[in-house]
Amino acid sequence: MADIESLLREKRVFKPDPAFAKQANWGPKKLAELRRLAARSPERFWERMAKEYVSWFRPWKKALDWKPPFAKWFVGAQTNVSYNCIDRHLEGEHAWRRNKAAIIWEGEPGDSRVLTFADLHREVCKFANVLLAQGVKKGDRVAIYMPMIPEIAIAMLACTRIGAPHTVVFGGFSADALRDRIVDLGAKLVVTADGGWRRGKIVELKDAVDEAVAGTKGVERVIVVRRTGEPVPMKAGRDLWWHDVMAQAPATRPAAKLDAEHPLFVLYTSGSTGKPKGILHTTGGYLTHVAATTHAIFDLKESDTFWCTADVGWVTGHSYVLYGPLANGATTVMYEGAPNHPGLDRFWAIIEKYRVSVLYTAPTAIRTFIRWGDEHPNRHDLSSLRLLGTVGEPINPEAWMWYHRVIGKKRCPIVDTWWQTETGGVLVSPLPGAVATKPGSCTLPFPGVEPRVVNVAGEPTKPGQGGFLTLQKPWPGMLRGIWGDAARYREQYWSRYPKVYFTGDGAQCDEDGYFWVMGRVDDVMNVSGHRIGTMEVESALVSHPGVAEAAVVGRPDEITGTAIVAFVTPKSGTHANATLRETLRSHVSREIGALARPAEVRFTDALPKTRSGKIMRRLLRDVASGKETVQDTTTLEDLSVLARLRGQEEA
Ligand code: ATP
Ligand code: MG
């Protein structure tokens with residue numbers, strides 16, 4: 001392992017708009033004060049967040065108990081996530097929120113439902129009672145395998161209400177993937193649906209559950225929501241309809257007083273770099289972290305309509321579709337289906353329909369929209385938008401600029417938020433009223449968080465020099481472990497640098513202290529003795545007007561050690577030919593240096609991605625070097641993409 005070089009130099013800076021700063025939840029003054037507090041003592045800062053953003057049944061005795069690599073936050077305190085997300089909006093000074101929309105839901109076929117906080121309270125209490133009646137006790141695990149319908153939120157919140165840790169398995173996963181997770185966790189009950197809508201077709205979830213559960217012993221009950229109305233087999237003695245059990249359930253159920261460290265959920269990572277890991281999060285610290293970051297970073301006001309487009313099956317969906325916004329008493333939008341159904345403008349139609357004011361999406365989606373063309377967003381009234389966010393991958397500066405120009409109409413600040421399933425919530429991000437942005441940089445750490453780019457020896461790198469992104473101090477939303485595998489937990493995150501968390505990402509920190517994530521350390525390419533990250537070469541490619549998306553990987557080469565192979569998706573209307581291929585190679589050379597010039601450019605209409613939309617470079621490496629893939633492909637979104645890429649290689 002050697003250090004990483006950084007080649008990209010992005011000079012554009014966008015200062016916060018004074019008008020935005022003035023109304024911001026965390027303006028420059030507040031941020032400066034909180035940074036001072038956090039610099040004196042991160043624990044004191046997080047205690048302040050815990051008091052400000054979370055209601056507790058019992059206070060903590062100690063903010064942090066840190067026995068590396070194991071942290072406990074708010075030791076001795078008691079709280080409940082569903083209480084914080086629902087009940088406290090029905091009483092006291094916020095009682096008026098009772099009839100405020102908590103969830104605005106849009107189904108793919110165009111049906112729509114709104115649940116107020118009072119509605120949510122009733123449904124969550126009922127389902128909590130159902131779970132208890134079906135024998136689910138505090139500490140028992142519940143697997144949730146559902147489409148993006150309001151019942152998924154109800155099921156998750158009901159689990160938190162009684163202290164039954166949930167694991168949400170993304171509805172696009174196969175029966176095998178579901179079974180692995182059910183078995184790993186020893187789940188007792190599964191919540192699912194007869195199906196869900198995706199691109200006009202029914203995703204058959206119940207069949208997958210039957211197949212997954214057939215080979216296991218622990219699952220006693222399967223509860224099925226009727227969504228599509230298609231007939232599904234129901235196994236007597238095991239399967240129950242949601243509407244039947246809900247009809248009999250009492251509508252009240254006090255929230256259990258849970259220890260701050262009570263397990264809240266286990267969620268498996270996206271699997272971009274390898275086999276997914278079962279990440280464990282607990283109650284009080286996680287809630288503090290997501291509630292505070294939601295309020296500060298998304299600047300949510302009572303009047304906002306917040307849409308985080310992530311599936312609830314991913315951590316972004318947990319933290320910023322549900323728990324963060326609801327803990328703040330905000331209105332959150334959920335959409336069931338695909339962005340291209342029935343047309344390529346569905347997202348923009350939804351924004352116009354509900355007057356969405358804060359939009360949070362992923363670079364993969366943004367690059368797809370760029371490829372589809374500006375006419376789709378341009379057909380809609382996007383004037384309700386006031387703030388934009390991104391998460392999931394490094395955003396290429398030109399994609400950032402497109403988001404700024406075409407969606408934000410140059411009015412909306414952009415928050416590029418860096419975090420991981422493991423971190424629970426955002427750790428590095430601009431605060432929209434207080435931090436100037438630079439396209440492609442996630443900017444500065446949230447107060448109380450101490451990221452550091454270090455070299456192989458663990459020493460801080462100089463400004464502009466690439467290295468390994470680490471977190472020097474524990475934070476409340478951090479994972480508490482990998483479910484049932486303490487050894488893997490230590491090995492994966494804590495073995496490279498003692499007592500320091502290693503993120504697995506490469507990054508550089510510039511003269512202003514801004515962080516630039518350069519991609520996964522596993523994806524770094526070693527060209528003629530220079531170690532180059534993927535993001536910078538890809539950004540150089542995406543900065544060409546004909547390119548929508550690019551992924552680069554290394555292929556073994558006799559002369560240079562590694563040759564760069566670029567997989568490029570052109571924008572619609574671009575002629576992908578030999579001339580463009582040559583143009584792109586010289587373009588990269590000119591933008592960031594001859595060193596990074598791809599040896600080969602291959603055009604493709606799609607890249608292999610995880611189901612959460614991240615490019616899987618580990619699979620492209622096999623394609624580039626003509627090897628068979630023996631790696632885990634269960635998280636791949638579309639297997640045929642790999643086959644197509646291979647076919648092209650032979651042609
Ligand atoms: P696995 O760990 O199984 O490979 P994964 O890392 O893709 O899966 P996630 O936890 O969903 O699973 O993704 C976190 C990763 O996403 C980060 O480590 C980082 O590489 C990338 N990422 C997220 N947000 C950003 C961002 N704003 N800028 C750059 N990279 C980001
Ligand atoms: Mg990861």
Side-chain angles (χ1 to χ4, degrees), residues 8 168 170 177 181 266-279 281 293 297 308 310-320 360-367 388-397 399-400 403 414-430 437-446 451 453 468-471 477-479 482 488-489 492-493 501-508 514-524 533-536 538-539 608-619 631-637:
L8 179 81
V168 181
F170 174 62
R181 287 156 176 78
V266 172
L267 184 64
Y268 291 81
T269 55
S270 309
S272 315
T273 56
K275 212 176 159 51
K277 305 168 274 280
I279 303 300
H281 284 288
T293 48
I297 296 168
C308 165
D311 193 281
V312 175
W314 309 118
V315 73
T316 308
H318 284 55
S319 301
Y320 299 108
Y360 189 32
T361 192
T364 185
I366 296 168
R367 292 185 304 247
L388 304 174
T390 93
V391 60
E393 287 178 296
I395 181 161
N396 318 110
W400 193 104
Y403 200 27
I414 296 179
V415 288
D416 173 359
T417 62
W418 178 89
W419 60 295
Q420 309 179 303
T421 308
E422 293 88 339
T423 73
V426 177
L427 294 187
V428 187
S429 165
T437 53
K438 305 182 187 186
S441 168
C442 50
T443 77
L444 301 172
F446 196 74
V453 181
F468 306 93
L469 183 61
T470 64
L471 298 162
M478 71 187 271
L479 76 166
I482 294 179
R488 191 172 177 204
Y489 172 64
Q492 184 85 37
Y493 308 107
Y501 175 90
F502 177 49
T503 64
D505 286 352
Q508 62 115 335
Y514 276 48
F515 286 81
W516 302 77
V517 174
M518 295 157 61
R520 313 308 180 99
V521 167
D522 298 8
D523 293 333
V524 165
T534 49
M535 188 270 190
E536 301 190 329
E538 290 162 4
S539 290
K609 291 183 180 174
T610 63
R611 289 156 203 259
S612 62
K614 295 164 193 272
I615 298 171
M616 282 170 94
R617 293 177 191 77
R618 63 183 167 95
L619 299 183
Q631 306 181 59
D632 183 25
T633 52
T634 50
T635 64
L636 191 67
E637 197 217 1

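Every number for a ligand or one of its atoms is a count from 1 in the order of the listing.
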Ligand 1 atoms nearer than 4.0 angstrom to some heavy atom of T417 are 24 (N), 25 (C), 26 (C), 27 (N)
Nearest to atom 11 (O) of ligand 1, what protein heavy atom do you find, and at what distance? S270 OG, 2.7 Å
Closest by any non-hydrogen atom to atom 6 (O) of ligand 1: pick that one out of E393, M616, Q492, R520. R520
Charged N to carboxylate O under 4.0 angstrom, R617 versus E538? yes
Do me a favour and list the nearest non-hydrogen protein atom to atom 4 (O) of ligand 1 with residue, atom name and distance? T273 OG1, 2.4 Å
Strictly under 4.0 Å, does any heavy atom of G271 approach an atom of ligand 1? yes
From E422 atom CD to L471 atom CG, the distance as rounded to the nearest 0.5 Å: 10.5 Å
If the threshold is 4.0 Å, N to carboxylate O, is there a salt bridge linking E393 and K609? no
Per-atom filter on ligand 1: closer than 4.0 angstrom to a heavy atom of S272 are 1 (P), 3 (O), 4 (O), 5 (P), 7 (O), 8 (O)
To the nearest 0.5 Å, atom CH2 of W516 lies from atom CE of M535 at 7.5 Å
Nearest non-hydrogen protein atom to atom 29 (C) of ligand 1, with distance, is P394 N, 3.1 Å
I need the nearest protein heavy-atom contact for atom 13 (O) of ligand 1: residue, atom name and distance, please. K614 NZ, 2.9 Å
What's the shortest distance from atom 3 (O) of ligand 1 to any protein heavy atom, and which residue and atom give it? T269 OG1, 2.7 Å
Can you measure from NE2 (H281) to NE2 (H318) and round to the nearest 0.5 angstrom? 9.0 Å
Below 4.0 angstrom from a heavy atom of W419, which ligand 1 atoms are there? Numbered from 1 as shown, please. 14 (C), 17 (C), 23 (C), 24 (N)
Looking only at heavy atoms, what is the nearest atom pair of W314 and L267, with distance? C-CD2, 3.7 Å
Within the 3.5 Å criterion, strictly below it, is a donor on S612 or T610 matched to an acceptor on the partner's side chain? yes
Between T443 and V428 the two heavy atoms that sit nearest each other are O-CG1, 3.6 Å
Nearest heavy atom to atom 20 (O) of ligand 1, choosing from L427, V426, T390, D505, belongs to D505
Which of the atoms of ligand 1 are close to K277, meaning less than 4.0 Å from one of its heavy atoms? 1 (P), 2 (O), 3 (O)
In terms of atom number and element, which parts of ligand 1 are under 4.0 angstrom from non-hydrogen atoms of V517? 29 (C), 30 (N)
How far is atom 21 (C) of ligand 1 from its nearest protein heavy atom, and which residue and atom name does that atom have? G392 O, 3.2 Å
Hey, what's the ring geometry for Y360 with Y320, parallel, tilted or perpendicular (30° and 60° as the breaks)? perpendicular
Close-contact set for ligand 1 against T421 heavy atoms, below 4.0 Å: 9 (P), 10 (O), 11 (O)
Interatomic spacing from CZ in F468 to CG in D505 - rounded to 0.5 Å: 11.5 Å
